[in-house]
Trainee: 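Starting off with a structure, shown below.
Proteins get letters first, then strands, A, B, ... in listed order; numbering begins at 1 in each.
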Amino acid sequence: MTTDYQPQKIEPKWQKKWEEDGIYEADIDESQPKFYALTMLPYPSGDLHIGHWYAMTPSDARARYKRMMGYNVMFPIGFDAFGLPAEGAAIERGIHPREWTYNNIERMHGQLRSMGAMWDWRREAASCDPSYYKWTEWFFIQLYKHGLAYRKHSAVNWCPSCHTTLANEQVWGEDRHCERCKTPVVQKDMEQWFFRTTNYADELLDFPTIDWPDRVRTLQTNWIGRSEGADVVFRTEEGEEIPVFTTRPDTLWGATFMVFAPEHPLVNDITTPEQKEAVEAYKQQAARQSEIQRAAVDKEKTGVFTGGYAINPVNEERIPIWIADYVMMGYGSGAIMAVPAHDERDFAFARKYGLEIIPVIQPEGMDFDGETMQEAYVGEGKMINSAHFNGTVVSNEKGRANPGISKVIDWLEEKDMGEEAISYKLRDWLISRQRYWGAPIPMIHCEACGWNPVPEEELPVLLPDDVEWLPTGESPLKLHPTWKETTCPACNGPATRETDTMDTFMCSSWYHLRYLSPEYDQGPFDPKEYDYWMPVDTYTGGIEHATMHLIYTRFFHKAMRDIGVTKGPEPMLQLRNQGMVLAEDGEKMSKSRGNVVSPDDLVEKYGADTVRAYLMFFARWDLGGPWNSGGISGTQRWLRRVWALYTGTNPEGEPDSGAVDTLRRKLHLTLKSIGDDFEKFEFNTIISSLMELLNDMYDARRAGVAGTEAWAEALDIYARMMAPASPHIAEELWTEVLGKPYSVHDQPWPEVDEAATVVEEFTLIVQVNGKLRDRVQAPVGISDEEAEKLALASEGAQAHTDGKEIRKVIVVPGRLVNIVV
RNA sequence: GCCGAAGUGGCGGAACAGGCAGACGCGCGCGACUCAAACUCGCGUUCCCUUGAGGAUUGUGGGUUCGACUCCCACCUUCGGCACCA
């Protein structure tokens, strides 16, 4: 009667039935604990690739496991559907971005269904849908009304290939390239919309209530880049204030010159006529350089004297002001006090240009001389050359924890020369994009009234359909003849709409909220759904979003909490990152390299259950690694053997003594470890445990266990344990082969029978000098003395202790005996 | 340069509150089934040698310990992130 395992037949059948029956539809149910399992939403590129499968199927398996554990689990899916590739298709092939996007979504629906995941399709959301971006616009207005969205003129990152500005987080790597298209960005002076992420810098550094990987916390912490120190006000000779930020106010007496960023607004005022030419030349060169990119990493410092002087407030010293491109306009105040004796960069600069070096911190037993110092001293010591602070101890601590720094800050504040200050590397989030396919920024500009938000009752500001793309790559919104013409909400006079759209990371900052109630039209989400489901319990996705999406979405949540829209400190309680599946050659998969692994082909050949299991099995989920096409036959064989075991004929015979206990013990130990592994996201060992148990079940069947109660129990539990990883075959075996009530996915996770795992005997390891010499069977609970006796008497021990003096015997109860000779 | 992660058979990987290294799988070898192949099944598979009561072995070198893949110190390699951040 044995038929072959035919996934191509069973899988579509069950997928259809599960969806028709709505078994994965999760609704509010106060009688059950809720579990919101979320996986990062895909961009509708048109093809679900193996990386999506690698990210999603273990997340699905774990959501299924949680469901069987008695949680009311919601596992939604949707599309991050705005973005540039759709416009690329429009330019290249003349297809409207909407059409291209929805065609792709349609195709990906099929692919997502082929996975056999427990998506609740009723909760699907696509960010490009007007019913969605209406609320993206609405959120913008809330941020604007609460002073968290603002417009400013500044130097911004421009991607010449995408024809748009980018946020700081979206510029990557040494060559400062666009995160999306890898083109090096250039600097442009533009007026743009920003969100005040920096208001939340300190709160974003705090991860008290969430279980997130250290790696992500570290990346975010470094990205936010908090430094403690002081703002100190220097002055020009004319009395103009020059605020500077320093982390080392204790070295103020060693400031022998100042350095301004070339773009610093005071440069023109302080430059003397004699220096004008040199300064102008340097400024131009610096501007050009930032455009060509600063190629050299360790390039030599350059700079030019402005001819101007500043007064150091602590000692009234007159010090020269230079400009140099190692000072950035975007950090601190764009000007620094230079203390060459105690800062490596300032030291290099001072030596090169022959500037004075005055040591002000000195460790015990040293006698620094500015003329002869070989390098900057950055360690601890006592203050010298610092007036009444001489002798003050300076430690290696940062900020207030350092007694020297702390005392100087107190004194500066007392004398009104400066104050304690904290500086961050984090910049405000630039959200304007000069693109068409994004959520419109719902703002209107009027010559008379300035900027005003579109009245909320007029939302959404819809994207116009009749648009044209020029080969220049410019946004069609700007070029549209009438779209931007409107009236001012304040004075009713003629006004123009903002033609920029929002960064798509704004859309993805709140998609987990739209999933709650994608049809809801009284607000971005139904508060009842929010109160039941939020926060997200488990969030899975790639590490590459550590300093982009994952910072933005935390900011968004906190800002909205302060505005009164969301609740609680954090949106996602637990985060786990999967690794990346590389191509078989160890390189990144890409169409141009031709090394892409297609999940569709694999599903067609092996079935979804095999692909799912292999993705869970072939690598550590958090690390990923190169694809190995050969290995998949192993998981395919496993499922075939499972099938054969359930559908084959069993040999006649009575069970061997002990075989039943052995099987039950293994069964329940496996059950226990699989549960632990699901909790810990260790998916590879889940599959290997199932394989191991299967081997033991074959052994048990050979030993005549088939037909016993324990055998029936094993078949029952095994099918349930497989259900999360390989849902289709589990259902077929459960419902059709075992004839149990549909559906296996509505069954509770089996309970571990602790009694079954108990053993009477164990293998006692006998070591001599830490080396394995024998193994003997011993009863559980054996006394240390008995164990020692047993070990000493063993053959292996005898051979290695013969004629030697036994110095010591260590007994580890229930494990081993180590004899030291 | 700074921060972080990872180094275990031919390969992917198991095992770490310190206690049998190499589970599970791929690959490979031998055998069974077959006219043959595929499938399937069984056995074997860390390395070395003088083949046995043998030795070595978890990137390298030290250390702690009766005992180290696991803890500590130093270093090497690979991969990610940041990069003149004052």
Trainee: When you measure from the side-chain N and O atoms of A/Asn818 to the phosphate of B/U65, is any distance below 4.0 Å, counting only OP1 and OP2?
Mentor: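 No.
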Trainee: Can you tell me the distance, in whole Å, between the CG atom of A/Asn769 and the C1' atom of B/A68?
Mentor: 16 Å
Trainee: Is there a Watson-Crick or G-U wobble partner for B/C26 with both distances under 3.5 Å, and if so, which one is it?
Mentor: B/G10
Trainee: Ignoring backbone atoms, test whether A/Asn684 places a side-chain nitrogen or oxygen under 4.0 Å from the OP1 or OP2 oxygen of B/A14.
Mentor: yes
Trainee: Ignoring hydrogens and angles, are the base of B/G19 and the side chain of A/Gln767 linked by a donor-acceptor pair under 3.5 Å?
Mentor: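 Yes, a donor-acceptor pair under 3.5 Å.
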Trainee: Hey, does the side chain of A/Ser227 come within less than 4.0 Å of B/A86's phosphate (OP1/OP2), counting only N and O?
Mentor: yes
Trainee: Does A/Arg215 have a side-chain nitrogen or oxygen under 4.0 Å from the phosphate oxygens OP1 or OP2 of B/G80?
Mentor: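 Negative; the distance criterion is not met.
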Trainee: Using purine N1 to pyrimidine N3 plus N6-O4 or O6-N4 for Watson-Crick, or N1-O2 and O6-N3 for G-U wobble, both under 3.5 Å, which nucleotide pairs with B/A15?
Mentor: none
Trainee: Only pairs with both distances under 3.5 Å count, Watson-Crick or wobble alike; so what is the partner of B/C71 in this structure?
Mentor: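 The base-pairing partner of B/C71, which may sit in any strand shown, is B/G63.
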Trainee: Is A/Lys301 side chain donor-acceptor paired with the B/C84 base, going by distance under 3.5 Å alone?
Mentor: yes
Trainee: Can you find a side chain N or O atom of A/Lys771 that sits less than 4.0 Å from OP1 or OP2 on B/A56?
Mentor: yes
Trainee: With sugar-phosphate meaning primed atoms plus P, OP1 and OP2, does A/Tyr424 contact a base, only sugar-phosphate, or nothing at under 4.0 Å between heavy atoms?
Mentor: nothing
